[in-house]
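Below, all heavy atoms of this structure are taken into account, side chains as well, without hydrogens, waters or symmetry copies. Residue numbers count from 1 along this sequence.
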Amino acid sequence: MDLWKYPNTRDRGWYLALMAPNVKGLDYAWLDPSRLYCHPQALQDCVEDLVQPFRSDRIDLVAGIDAMGFILGAAIANHLGKGFLAIRKAGHLCVPTLTQNYVDYSGREKVMEVRVDAIRPGLRVLLVDQWIETGGTMKAAIKLVEEQGGVVAGVATVCIEDSEGGSWVRKNYKCSDCVPEHLRDQFNNHYF
């Protein structure tokens, strides 16, 4: 799909065709959604699709997970008129933080952190990331919010795969992703 053209019809998830397959090897995700962020209508439609299930829910703050979750998270926060909180890889914040260990989709052990002055008990946080493959990154972000007394109002990502971790997130939290059901098997099996 041409990055600068608009389709005649815009069915839910039409913008997924803008994504590019991995050409760099196993250390990278199998599909790169960043190209759809370059297309102004694709980004708007993606954001609208992600926030639709939360329209009637109270959301106090949107938190995006380092790094690609920053793009969608900030766009969603702006769309909803809410503030944005960055959940960072450890070592990037120069203020007091709470940290959480996790294993990412590639099997690497990592640590993420969040500032301790942004989440108070009862604050309803919408967590945003680009993708949930194994669920390790999202589970760590959930722990960071809940350990401070925050409430995870929901989880929004381009795709939540039906992995063990992705299924756990779907079972325990209200979720939104952009993948239409007729494409879900393809995403779960990493072909598009």
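Proximity of a side-chain donor or acceptor of E113 to a complementary backbone N or O of H92 within less than 3.5 Å is detected. Under the 3.5 Å distance criterion, the side-chain polar atoms of R124 are matched with a main-chain donor or acceptor of R58. Side chain of D11 to backbone of W14: no donor-acceptor contact under 3.5 angstrom is found. Side-chain atoms of E133 never come within 3.5 Å of backbone atoms of A29 as a donor-acceptor pair (strictly under, hydrogens ignored).
Rounding to the nearest 0.5 angstrom, the gap separating the CD atom in Q41 from the SG atom in C46 is 11.5 Å. With rounding to the nearest 0.5 angstrom, the CG atom of L126 is 9.0 Å from the CG atom of L61. We find the CD1-CG distance between I59 and L123 to be 11.0 Å, quoted to the nearest 0.5 Å. Note: C159 SG to D129 CG = 11.5 Å, rounded to the nearest 0.5 Å. Remark: D32 CG to N22 CG distance equals 8.5 Å, nearest 0.5 Å.
L31 and A20 make their closest contact through CD1-O, 3.3 Å (heavy atoms, listed as atom of the first residue, atom of the second, distance). Smallest separation of non-hydrogen atoms from F54 and C175: CZ-C, 4.1 Å. Considering every non-hydrogen atom in both S176 and L50, the closest pair reads OG-O, 2.9 Å. Of all heavy-atom pairs between P40 and Y6, the closest is CG-OH, 3.3 Å.
Other residues, nucleotides and ligands contribute only 12 or fewer heavy atoms inside 6.0 Å of the CZ atom of R115. Heavy atoms from other residues, nucleotides or ligands lying under 6.0 Å from NZ of K110 number more than 12. The number of heavy-atom neighbours closer than 6.0 Å to OH of Y28, taken from other residues, nucleotides and ligands shown, is 12 or below.
A 4.5 Å side-chain heavy-atom check between Y37 and L72 finds at least one atom pair inside the cut-off. Looking at heavy atoms from C-beta onward, M112 lies out of side-chain contact with D66 at the 4.5 angstrom threshold. The shortest side-chain heavy-atom distance between P180 and L16 falls under the 4.5 Å cut-off. Looking only at side-chain heavy atoms (C-beta outward), K139 and W168 come within less than 4.5 Å of each other. A heavy-atom distance below 4.5 Å is not found between the side chains of T157 and V169. Using a 4.5 Å heavy-atom threshold, the side chains of D162 and R184 count as touching. Annotation: side chain of V152 is not in contact with side chain of V125 (no heavy-atom distance under 4.5 Å). In this structure the side chain of Q100 never reaches within 4.5 angstrom of the side chain of T137, judged on heavy atoms.
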From CA spacing to verdict: side-chain contact (heavy atoms from CB on, under 4.5 Å), Y173, L127: CA-CA 10 Å; Y173 298 91; L127 286 171; over 6 Å; no
side-chain contact (heavy atoms from CB on, under 4.5 Å) evaluation trace for M138 with I65: CA-CA 8 Å; M138 186 56 70; I65 300 171; 3.7 Å; yes
Go through the steps to decide whether N101 and E109 satisfy the test side-chain contact (heavy atoms from CB on, under 4.5 Å), and finish with yes or no. CA-CA 7 Å; N101 296 330; E109 292 185 22; over 6 Å; no
Test side-chain contact (heavy atoms from CB on, under 4.5 Å) on V155 and I132; report intermediate values, then the result. CA-CA 10 Å; V155 171; I132 296 177; 3.8 Å; yes
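Side-chain contact annotation: H79 with Q44, donor-acceptor N/O pair under 3.5 Å absent. Neither side chain, E161 nor Y105, offers a donor N or O lying under 3.5 Å from an acceptor on the other.
Salt-bridge formation is detected for the pair D177/R170: a Lys NZ or Arg NE/NH1/NH2 atom is positioned less than 4.0 Å from an Asp or Glu carboxylate oxygen. For R120 and D60, the salt-bridge test fails: no basic side-chain N is under 4.0 Å from an acidic carboxylate O.
Relative ring orientation between F187 and W30 is described as perpendicular, the plane-to-plane angle rising above 60° on a 0-90° scale split at 30° and 60°.
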